[in-house]
Amino acid sequence: MQRPHKAYPVELAQFHSADYVEFLHRITPDTQHLFRQELTKYNLGEDCPVFENLFEFCQIYAGGTIDAARRLNNQLCDIAINWAGGLHHAKKCEASGFCYINDLVLGILELLKYHARVLYIDIDVHHGDGVEEAFYFTDRVMTVSFHKFGDLFFPGTGDVKEIGEREGKFYAINVPLKDGIDDTSFTRLFKTIISKVVETYAPGAIVLQCGADSLAGDRLGCFNLSIDGHAECVRFVKKFNLPLLVTGGGGYTKENVARCWTVETGILLDTELPNARLDTFKLSLARANQHGLSCEIYGLYDIDPTTFLRMVCNLPDDVLPFSLIEQENLNSKSYLSTIKMQVLENLRSIQHAPSVQMQEFIILWLLIAVIYEFQVPPDFYIPEFDEDEQNPDERMDQHTQDKQIQRDDEFYEGDNDNDHMDVGQDNDASSTKLSMLPS
């Protein structure tokens, strides 16, 4: 477990516009009424509300993904996880879909410093539009998104015909799905497409966004994936043995989200979790059908659905039922076959994995560092809290501890003088092969 640094504004501005980052830094719930025009400009409000400590929230989850990428780049781990990340809708100059800073783009940019090609995979029920848009004109990142498309479903993009442009043509892959897709259909399609993508594109690293709103019973989702089905995608990607950055994403039935990401953490750690992989969705549905129950019964009783389901199905407290609702699978075999053939045909249009002059790219990053002089934070800023300075008679919460972290770009006289500190040195390098970044 590693505690990530809070991303600096200059780090966030590696993708986002400086004026947008500055506005996020400045806006508060108490002052937002003074900035109505800017709120509209940057798409804040409604599904991207302004709340207390908004900018700090962005710094924490973005810093987690950036640090995860840096640990992979420095070969300190093979897999890095940031379940707090995965906010894939944010654009360069605006928020979207409760995503303010696109940590995935920032993480990919970090990986591109060391890898010629990066593969991005998205299994959120919503299209990963912000990441696709960021790399739509380049062949150095291939984006692959499996998502619900049609019926005015948010964000409304992600047609199979959206394939990228200019140098990025054929390097954006979209797999648009209809309501109710199940484990068998989803995992078969996922494995076929991802296998061909890795074979054709030969990425140096993979970023996997594991949005859990594609699970059955999600408040905003419409798929029929079980935890096992969702986790099978994670297991499959892990088998490629490439540097892997895993993030969270959407998910609006919190019990299912927590259970799903717990199971997937176990898979990434090669650890079997007792009772964690029980297919509760099928169990709940089978028992509910025995009682002749339907989803309408929820509206007849003033009782929490989870509690109700446990009562009628006699489920133990440690089992979290998914839902009584099973969506009809509208994805016919012919439809899925057509989508698969279109995607594979586009992949055949790529003659070979694109190359890049890495020497020129490294020189470009060095020039950026010179321009920013000392504003660019070190590649490995992982702050630590000095417990010796804490009053043993006072209990301090983690949030307060974080605020006492000393920045490496602040200088003091005497014992706290940082002039001669080697801020790039990683004092916590260990032999562990997996890095967990706490949310």
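The first residue of the sequence shown is numbered 1, and numbering continues consecutively from there.
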Take Glu94 and Lys41 through the test salt bridge (charged side-chain N to carboxylate O under 4.0 Å, His left out) and record every step on the way to the result.
CA-CA 7 Å; Glu94 67 177 39; Lys41 175 182 178 181; over 6 Å; no
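- Partners of Ser337 by side-chain contact (heavy atoms from CB on, under 4.5 Å), not counting sequence neighbours, listed by chain and number: Met341.
- In the model, Glu11 has a side-chain atom that pairs as donor or acceptor with a side-chain atom of His5 under 3.5 Å.
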Between Met142 and Phe170, is the side-chain contact (heavy atoms from CB on, under 4.5 Å) condition met? List the steps.
CA-CA 9 Å; Met142 177 173 282; Phe170 301 120; over 6 Å; no
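- Scanning all heavy atoms of the two residues, the minimum distance from Trp261 to Gly250 falls at CZ2-O, 4.1 Å.
- When each of Ile123, Ile181, Asp183 is checked for a side-chain contact (heavy atoms from CB on, under 4.5 Å) with Phe223, only Ile181 meets the rule.
- Every side-chain contact (heavy atoms from CB on, under 4.5 Å) that Asp218 has, sequence neighbours left out, goes to Asp213, Leu220, Tyr252, Thr253.
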What's the verdict on side-chain contact (heavy atoms from CB on, under 4.5 Å) for Leu347 and Glu199, showing C-alpha distance, side-chain angles and the deciding distance?
CA-CA 10 Å; Leu347 282 171; Glu199 175 190 338; over 6 Å; no
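- For the residue pair His89 / Asp129, a side-chain donor-acceptor distance below 3.5 Å is found, with atom types taken as modelled.
- Rounding to the nearest 0.5 Å places CG of Leu269 at 9.0 Å from NZ of Lys238.
- Remark: Cys99 SG to Asp47 CG distance equals 9.0 Å, nearest 0.5 Å.
- Residues meeting the side-chain hydrogen bond (donor to acceptor under 3.5 Å, both in side chains) test with Lys178, sequence neighbours left out: none.
- Looking at Asp67, its side chain never comes within 3.5 Å of a backbone N or O of Pro4 through a donor-acceptor pair.
- Taking Ala95 as the reference, Tyr20, Leu44, Cys48, Tyr100 meet the side-chain contact (heavy atoms from CB on, under 4.5 Å) condition, with sequence neighbours excluded.
- Residue Arg26 places its CZ atom among more than 12 non-hydrogen atoms of other residues, nucleotides or ligands, all under 6.0 Å distant.
- Glu345 contributes atom CD, which lies 11.0 Å from atom CD1 of Ile163 (distance to the nearest 0.5 angstrom).
- Surrounding NZ of Lys92 are more than 12 heavy atoms belonging to other residues, nucleotides or ligands, all under 6.0 Å away.
- For residues 239-250, there are no side chain to side chain donor-acceptor pair (under 3.5 Å) pairs, not counting sequence neighbours.
- Salt bridge annotation for Arg71-Asp78: absent, with no cationic side-chain nitrogen under 4.0 angstrom from a carboxylate oxygen.
- Aromatic pair Phe57/Phe51: ring centres closer than 6.0 Å.
- Every residue two or more places apart in sequence or in another chain was checked for a ring-ring contact (aromatic ring centres under 6.0 Å, His included) with Phe149, and none qualifies.
- For the pair Arg117 (side chain) and Ala202 (backbone), a donor-acceptor distance under 3.5 Å is present.
- The side chain to side chain donor-acceptor pair (under 3.5 Å) pairs that include a residue from residues 148-159 are His127-Thr157, Lys148-Asp151, Lys148-Asp179, where partners are two or more places apart or lie in different chains.
- To the nearest 0.5 Å, atoms SG (Cys260) and CD (Glu255) are separated by 13.5 Å.
- Between the side chains of Asp122 and Ser145, not a single donor N or O lies within less than 3.5 Å of an accepting N or O.
- Of the residues Thr187, Val263, Leu215, the one that meets the side-chain contact (heavy atoms from CB on, under 4.5 Å) test with His230 is Leu215.
- Taken to the nearest 0.5 Å, the CD1 atom of Ile206 stands 5.0 Å off from the CG atom of Leu119.
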Please lay out, stage by stage, how Tyr171 and Phe135 fare under the test side-chain contact (heavy atoms from CB on, under 4.5 Å).
CA-CA 9 Å; Tyr171 291 92; Phe135 301 107; over 6 Å; no
What verdict does the side-chain contact (heavy atoms from CB on, under 4.5 Å) test give for Ile81 and Trp83, after you've listed the backbone C-alpha separation in whole Å, the side-chain angles of each residue and the deciding distance to 0.1 Å?
CA-CA 6 Å; Ile81 307 171; Trp83 291 125; 3.4 Å; yes
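- The pair Glu264-Arg235 does not count as a salt bridge, with every side-chain nitrogen at least 4.0 angstrom from each carboxylate oxygen.
- Taking every heavy atom of both residues into account, Val175 and Ile193 meet most closely at CG2-CD1, 3.7 Å.
- Side-chain atoms of Asp139 and Tyr201 form no donor-acceptor pair, as typed in the model, at a separation below 3.5 Å.
- Atoms NE2 and SG, on His16 and Cys93 in that order, are 9.5 Å from each other to the nearest 0.5 Å.
- Listed by chain and residue number, Asn329 satisfy the side-chain hydrogen bond (donor to acceptor under 3.5 Å, both in side chains) test with Asn331 (two or more places apart in sequence, or in another chain).
- Every residue two or more places apart in sequence or in another chain that forms a side-chain contact (heavy atoms from CB on, under 4.5 Å) with Thr184 is listed here: Asp182, Arg188.
- Remark: Phe236 pairs with Phe240 by the ring-ring contact (aromatic ring centres under 6.0 Å, His included) rule, at least two apart or across chains.
- Listed by first and then second residue, the side chain to side chain donor-acceptor pair (under 3.5 Å) pairs involving residues 30-40 are Thr28-Thr31 (not counting sequence neighbours).
- Taking the ring-ring contact (aromatic ring centres under 6.0 Å, His included) definition, one finds that Phe186 meets it with Phe146, sequence neighbours left out.
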